[in-house]
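As structure tokens, the structure follows; a few thoughts come after it.
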Amino acid sequence: MSALAFANPAILFGLIALPIIWWLLRLTPPRPKTEVFPPLRILASVLKREETPSKSPWWLTLLRMLLAAAVILAIADPVMNPRANSLNAGGPLVLVIDNGWATAADWERRVETADLLIDDAESADVPVSIAFTADASHEPVPGTAAAARDKLAAASPKPLVPDRARAAEAVSEAMNGTRPGTLVILSDGMAAAGDNEALSALAALSPTDMRLIEGDGHSAVALTDAVNNAGAMSVTATRLSTSAQQLLTVNALDTQGRALASGVLEFAAGAATATAEIASPFELRNDFARLNIEGLATAGSAHLLDDGFKRRRIALLAGESGSDFQPLLQPLYYISRALQPYADIIQPNTADLSVSIPQILEGNPSAIIMADIGRLPAETYAPLQQWISRGGTLIRFAGPRLAAAPADDPLVPVILRQGERALGGAMSWSEPQSLADFPSFGPFAGMPRAADITVTRQVLAEPTPALAERTWASLADGTPLITEKEVEAGRIVLFHTSAEATWSNLPLSGNFVEMLRRLVQLARAGGAASSGTGTDGAAVTLPPYRLLTADGILTTETGTARPIPIAAGETPVASFDHPPGLYGTEDGFTAVNLLAPKAVIAPFDAAAAGRPVVREGLAGGEAVSLRPALFAAAFALLVLDSLVVLFMNGVFSRIPRGPRPSRGAAAAAIAALAFGLVAFVPGQPLAQEMPPGSGAKPGDEQILERLDTTHLAYVVTGEADVDRLSEQGMEGLSQFLTYRTTLEPGAPVGLDISKDELSFYPIIYWPISANAPMPSQATISRIDAYMRNGGTVLFDTRDQYSALDGGGTTPNGERLQAILANIDIPPLEPTPSDHVLTRSFYLLTNFPGRYTGSPLWVEARQEARNTGAQLSSSGDGVTPLLITGNDFAGAWAIDTQGAPVMPTVPPDEMQREYAYRAGVNIMMYMLTGNYKADQVHVPALLERLGQ
């Protein structure tokens with residue numbers, strides 16, 4: 001092979017004309033130089049003889065000779081390192097050509113390379129066998145060069161990974177024992193499954209010459225995975241050529257192809273994978289429809305996204321806020337930790353459900369999770385049901401509040417029995433129950449059963465004919481643990497156990513995370529229809545909707561693509577029957593991408609052939625044409641010759657020259673520019689403004705005083721006699737606290753609960769009066785939020801009778817029931833003898849007021865009641881409400897002289913003393929919590945210390 005050859009060598013005969021051109025140029029003098037009215041020069045040369053040059057200068061002649069030679073050589077098309085026909089004529093030429101996704105970037109060069117090989121075969125008069133590794137069918141029977149060119153012209157890149165093993169098998173059958181002269185593998189340079197079998201089958205044909213032709217691999221870069229994290233989207237890519245560092249830009253596009261955000265893929269030298277972060281707001285990321293590597297147009301550089309990729313917005317609500325000092329006991333602790341990697345969590349900034357639920361619904365969340373919420377404000381049921389019917393998902397967890405809620409709650413999927421089943425209760429287990437195997441339908445199908453999960457308490461569902469088909473998970477004894485109900489386009493899901501680890505250890509397991517993740521994926525994202533699985537979680541078959549071309553473009557041409565079955569929890573993989581694209585319909589689809597997550601591109605290894613393989617590059621890579629360089633040199637010489645001629649004719653000497661600006665004008669211009677830069681620097685103010693004066697807002701002093709001093713608060717009912725007695729009662733208890741304890745309360749505060757801030761007061765005394773105006777629903781919601789945030793309300797019907805024992809009611813008792821009907825209250829019980837209230841300061845057996853006939857109702861102690869434990873309450877919280885009819889304020893009330901205002905019934909000053917002591921115990925309990933319950937451990941601690 002020679003180092004230089006000419007594509008048109010006959011043109012070189014034109015070099016013979018160079019001597020003639022030389023002779024003609026020397027006889028052609030340059031044009032005489034003319035001057036415009038040069039009187040002195042004319043007079044100076046009047047006596048001289050007029051002279052004209054007889055020939056052009058030698059250097060100008062040489063310049064023009066070089067110009068002519070460059071044009072002649074450029075037309076002859078000299079080529080450095082030209083390829084030569086080196087095919088072996090002892091047998092057919094076999095071409096195994098990769099036409100997968102990576103060949104789209106340089107397909108023309110591959111076609112040119114194959115066409116040159118076919119030309120060589122035609123010159124050698126040998127047949128040609130051609131096969132394409134990404135085609136579904138093959139016809140590699142050796143034929144004429146013209147037939148091979150037709151097959152090559154009809155071939156095109158496919159958005160698939162090559163299957164060389166199937167192509168090699170087809171070539172072996174087509175050759176039928178004929179030995180190839182030259183076998184060429186025109187590879188994309190990437191390893192694929194079945195390469196060893198393919199090389200072994202091709203080597204078994206015993207070709208005389210075996211070659212491997214590859215490109216440089218710089219365009220072989222593919223996106224393999226995209227994860228929508230909490231703060232940004234993480235994109236993973238892999239490449240073939242790892243020799244140098246490489247920076248690529250990844251663009252996130254919407255359905256219209258508009259770039260919304262971008263990130264940078266930074267491949268380190270020697271690294272085959274890289275990760276890019278695309279930081280953008282949650283709402284913008286949910287508009288991403290596909291990812292593309294900028295500058296590359298292949299099926300691998302595109303990554304399609306579907307509804308499953310979008311992050312869901314999940315709102316969390318709880319029946320009580322819990323204690324910040326004991327986060328593990330908070331009802332939403334485990335839920336938020338489980339969902340943070342997969343969804344964007346929304347928690348309302350107020351515990352008032354009448355305010356927080358409408359605010360949440362305005363944000364159109366994908367799902368709402370409620371942990372132990374029994375009753376909701378009446379006005380929130382209709383918008384919640386409407387949101388569910390439009391496609392929302394409501395997920396609820398049981399608890400004491402839900403167990404005490406009415407049985408006709410429309411926001412539960414099944415009919416619930418009143419109360420709950422627990423160890424040691426009326427409907428108890430002999431031992432904690434474990435989970436049963438998950439059914440074959442539903443989102444949990446295929447999940448392994450966790451044998452270490454046990455449930456000690458649950459709410460029960462009433463048996464109905466549809467209960468079995470609505471049960472997604474159950475216990476070993478067959479009772480439902482998770483039930484659901486579809487409501488038009490949405491659904492309601494209920495966990496029959498609590499969201500924290502008091503009723504079961506499910507929240508402590510990895511199954512809890514997987515369950516919530518699957519439930520969240522069922523929820524609709526941003527209003528788009530879910531896809532991929534049916535409502536029962538079983539595999540569904542989706543037709544091709546949009547397919548990806550080898551150039552990374554979505555098209556409606558589905559060709560021979562077949563519907564693809566997609567099961568829950570499985571990532572679909574592209575194949576010959578299911579090319580990459582979108583499968584489904586316009587209402588919902590699933591993305592099928594080219595490469596599986598975590599796939600890594602590796603170089604093609606021809607060592608498995610077991611014989612020497614000659615490596616070559618694509619056509620146009622090694623042969624370099626000098627024609628462009630010669631034409632460029634000829635043009636440069638032409639421009640130089642033109643400038644010389646113009647100079648010799650005096651063209652440049654006649655160019656007019658304008659006056660130069662004075663130094664003063666230049667200095668003035670520079671000064672004006674400098675002043676403009678100083679005066680108009682962006683962000684630099686022209687004048688310094690004085691800082692605005694600061695002052696306290698109205699009401700700040702009162703707020704500071706409320707925070708600095710504990711005040712007893714009471715509800716202003718609007719009845720003058722009742723409000724005056726409440727104020728006198730709070731004043732009497734405040735003075736008693738000052739005399740008997742270290743607490744020195746401030747003046748009592750009357751509250752308008754419809755607008756005053758309630759969070760300043762640990763307890764609010766509410767005297768119930770049937771004659772007072774009924775509080776509005778918004779006011780009741782504010783009280784509900786106050787109790788959820790840790791406050792306590794002492795309801796006093798002042799009629800000596802209990803409104804909760806079922807023994808009849810009074811007008812005040814009926815008013816109390818009407819108020820509590822719209823508040824999510826926990827189960828209640830009369831104060832037990834071992835409750836903290838009985839020993840928080842004084843040792844008491846009952847809680848009298850002006851009367852003694854009514855018990856003091858507190859939150860029922862679930863753990864103590866069912867297990868016999870001596871702790872006063874579950875957790876360290878206090879009861880959110882106290883209910884009595886003993887008229888505490890009437891017993892505490894004093895006048896300005898300190899004398900009692902109202903007599904006790906019956907008249908007994910010791911009863912008043914015990915009423916004061918009851919008030920002290922209630923205040924100590926409110927301010928210190930149930931720490932007194934820990935005193936039961938003192939004997940055990942002393943015994944352990946040896947005292």
At their closest point, which heavy atom of [X] faces which heavy atom of [Y], and how far apart are they?
X	Y	result
T483	P480	CG2-CB, 3.6 Å
A398	D372	O-CB, 3.9 Å
M787	P880	SD-O, 3.2 Å
W503	S498	CB-OG, 3.2 Å
Y583	L542	O-CD1, 3.5 Å
I373	L402	O-CD1, 3.8 Å

Keeping the roles fixed (side chain from [X], backbone from [Y]), state whether a donor-acceptor pair exists under 3.5 Å.
X	Y	result
R312	A523	yes
T879	E859	yes
T236	T224	no
T831	L856	yes
D306	A591	yes
R470	P413	yes

Contacts of type side chain to side chain contact (heavy atoms under 4.5 Å, CB included), residue T380, not counting sequence neighbours: I357, L376, P377

By side chain to side chain contact (heavy atoms under 4.5 Å, CB included), which residues pair with S356, not counting sequence neighbours? L317, P348, T350, L353

Return all side-chain donor-acceptor pairs below 3.5 angstrom for residues 444-454, not counting sequence neighbours, or 'none' if the list is empty.
| unit_1 | atom_1 | unit_2 | atom_2 | d |
| --- | --- | --- | --- | --- |
| R449 | NE | D437 | OD1 | 3.1 |
| R449 | NH1 | L435 | O | 3.3 |

Can you sort out the partners of [X] under side chain to side chain donor-acceptor pair (under 3.5 Å), two or more places apart, ordered by chain and number?
X	result
S354	D352, S781
E514	R517, R518
T275	none
S434	none

Once you round to the nearest 0.5 Å, how far does [atom1] of [X] lie from [atom2] of [Y]?
X	Y	atom1	atom2	answer
K598	T238	NZ	OG1	14.0 Å
K485	E469	NZ	CD	13.0 Å
I314	L316	CD1	CG	8.0 Å

With [X], which residues qualify under salt bridge (charged side-chain N to carboxylate O under 4.0 Å, His left out), at least two apart?
X	value
R313	E283
D784	R788
E462	R417

A quick test of your reading: do over 12 heavy atoms of other residues, nucleotides or ligands sit less than 6.0 Å from CD1 of I415? no

Going through the checks in order, is the side chain to side chain donor-acceptor pair (under 3.5 Å) test met by D477 and T479? CA-CA 6 Å; D477 64 353; T479 56; 2.9 Å; yes

According to the salt bridge (Lys or Arg N to Asp or Glu O under 4.0 Å) rule, which pairs have a member within residues 401-414, sequence neighbours left out? R396-D409

With the side chain counted from C-beta on, respond yes when N511 and F438 share a heavy-atom pair under 4.5 Å apart, and no when they do not. yes

For F495, enumerate each residue passing the ring pair (Phe, Tyr, Trp, His ring centres under 6.0 Å) test, keeping only those at least two apart in sequence or located in another chain. F397

